[in-house]
Amino acid sequence: MTDVTDRIGNVTRQRYEQLVTQAKELIAQIARSQFSLGDVALEIEPMRAVGGSMPNGTDDLFTVTESLQMFADDIGVERRTVEDWRYSANRWPEKRRKEGVSFTVHRILASVVDEDERWAAIEDAPFNPRTGTRQWTPDGAKRVVGQRVDRPVTVDEKAQAVADLTRDDEVAAQVATDLLKRPAVTEHVTPAEKIRVVTELTRDDTVAQEVTTGLLRRPAVARKTLRGDTTRMLVNRARKKPRTNWTQKKVRSAG
């Protein structure tokens, strides 16, 4: 009987490996097809610096967008898809396309501006700790070009993902409330940050009064606070007293 831990989804690990091999062959075929379609789109509309379908001064009736839209409609895909094919095919000449690397990875790495860096980048696949091999994934390519990854791994990537998800103030407030209930989280917050947060949260006078009342019910806090208040009170009183220095005394005696 096959152990459950030896299964991936509904298949055995052995069958899974077979399916992965088949899928890689299909992905390679798809990549070649997508590049071929990009080459076709480039033939219809070669990349030009600026402007329409043909150089200035011609009477051509179609702009680049119109030509690519017509082509997309005629083959039954979105124009954006055709534009991706065309752009990637232009950035990756046939001799520079990496066999066994998906079209998706090629498209992401296409944003590397310098050609020599682009050619070198695709030859340097990142290490995948899960498989123990060097291989390309879309997230691996995104890290190279500085794009946001779909599956964050590092602390910075996870923090950025959380920041993206909490752009809405109500969501951010709920998340912050839940996080501050976790002792392990608050241990890593510096005293200065805690003070800053409390200050922000108590800008409302009613809230500040409620918080202060609650704090003063804690004996240790009350003692330190009252001691501090007493000291400030004495200092303020001292500042209000008239000065009786030697000069003042001298003036009075002279009078």
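Keep in mind that the numbers below use all heavy atoms, side chains included, and drop hydrogens, waters and symmetry copies.
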Linking I/L/V/M/F/W/Y whenever any side-chain heavy atoms sit under 4.5 Å apart, do [X] and [Y] land together?
{"X": "Ile75", "Y": "Tyr87", "answer": "no"}
{"X": "Val149", "Y": "Val145", "answer": "no"}
{"X": "Val105", "Y": "Ile30", "answer": "no"}
{"X": "Val82", "Y": "Ile44", "answer": "yes"}
{"X": "Val112", "Y": "Ile122", "answer": "yes"}

Within residues 108-132 or reaching into it, pairs that qualify as ring pair (Phe, Tyr, Trp, His ring centres under 6.0 Å) - sequence neighbours excluded: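 Only Trp92-Trp119 qualify under ring pair (Phe, Tyr, Trp, His ring centres under 6.0 Å).
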Ring pair (Phe, Tyr, Trp, His ring centres under 6.0 Å): pairs with one or both residues in residues 6-38, sequence neighbours excluded: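 Residue pairs passing ring pair (Phe, Tyr, Trp, His ring centres under 6.0 Å), neighbours aside: Phe35-Phe103, Phe35-His106.
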Looking only at atom types and distance, does a side-chain atom of [X] sit under 3.5 Å from a main-chain N or O of [Y], one as donor and one as acceptor?
{"X": "Trp136", "Y": "Ala141", "answer": "no"}
{"X": "Arg91", "Y": "Ala110", "answer": "yes"}
{"X": "Arg134", "Y": "Pro126", "answer": "no"}
{"X": "Ser111", "Y": "Ile108", "answer": "yes"}
{"X": "Arg79", "Y": "Ala72", "answer": "no"}
{"X": "Arg7", "Y": "Arg13", "answer": "no"}

Rounded distance (nearest 0.5 Å) linking atom [atom1] of [X] with atom [atom2] of [Y]:
{"X": "Glu66", "Y": "Glu45", "atom1": "CD", "atom2": "CD", "result": "10.0 Å"}
{"X": "Thr206", "Y": "Asp204", "atom1": "OG1", "atom2": "CG", "result": "4.5 Å"}
{"X": "Leu37", "Y": "Thr81", "atom1": "CG", "atom2": "OG1", "result": "10.5 Å"}
{"X": "Gln22", "Y": "Glu17", "atom1": "CD", "atom2": "CD", "result": "12.0 Å"}
{"X": "Met47", "Y": "Asn90", "atom1": "CE", "atom2": "CG", "result": "4.5 Å"}
{"X": "Ser36", "Y": "Gln29", "atom1": "OG", "atom2": "CD", "result": "12.0 Å"}

Does any part of the side chain of [Y], heavy atoms only, come nearer than 4.5 Å to the side chain of [X], both counted from C-beta?
{"X": "Val153", "Y": "Arg143", "answer": "yes"}
{"X": "Thr12", "Y": "Asp6", "answer": "no"}
{"X": "Val40", "Y": "Phe71", "answer": "yes"}
{"X": "Lys24", "Y": "Ile27", "answer": "no"}

Taking all atoms of both residues into account, what is the closest heavy-atom pair of [X] and [Y], and its distance?
{"X": "Ala89", "Y": "Gly38", "answer": "CB-C, 3.6 Å"}
{"X": "Asp114", "Y": "Glu117", "answer": "OD2-N, 2.9 Å"}
{"X": "Glu83", "Y": "Leu68", "answer": "CG-CD1, 4.0 Å"}
{"X": "Ala31", "Y": "Ser102", "answer": "CB-C, 4.5 Å"}
{"X": "Pro138", "Y": "Thr104", "answer": "CG-CG2, 4.2 Å"}

More than 12 heavy atoms from other groups under 6.0 Å of CD on Gln147: yes
Polar side chain donor-acceptor pair, Thr65 to Thr63, under 3.5 angstrom: no
Pair Glu25-Thr21, side-chain donor/acceptor within less than 3.5 Å: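 Glu25 vs Thr21: no donor-acceptor pair found between side chains.
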Sidechain N-carboxylate O distance under 4.0 Å for [X], [Y]:
{"X": "Arg86", "Y": "Asp39", "result": "no"}
{"X": "Lys142", "Y": "Asp150", "result": "yes"}
{"X": "Glu99", "Y": "Arg32", "result": "yes"}

Stepwise side chain to side chain contact (heavy atoms under 4.5 Å, CB included) test for Thr154 and Lys158: CA-CA 6 Å; Thr154 66; Lys158 291 177 180 179; over 6 Å; no
Under the side-chain hydrogen bond (donor to acceptor under 3.5 Å, both in side chains) test, residues paired with Arg107 that sit two or more places apart: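 In terms of side-chain hydrogen bond (donor to acceptor under 3.5 Å, both in side chains), with neighbours along the sequence ignored, Arg107 is linked to no residue.
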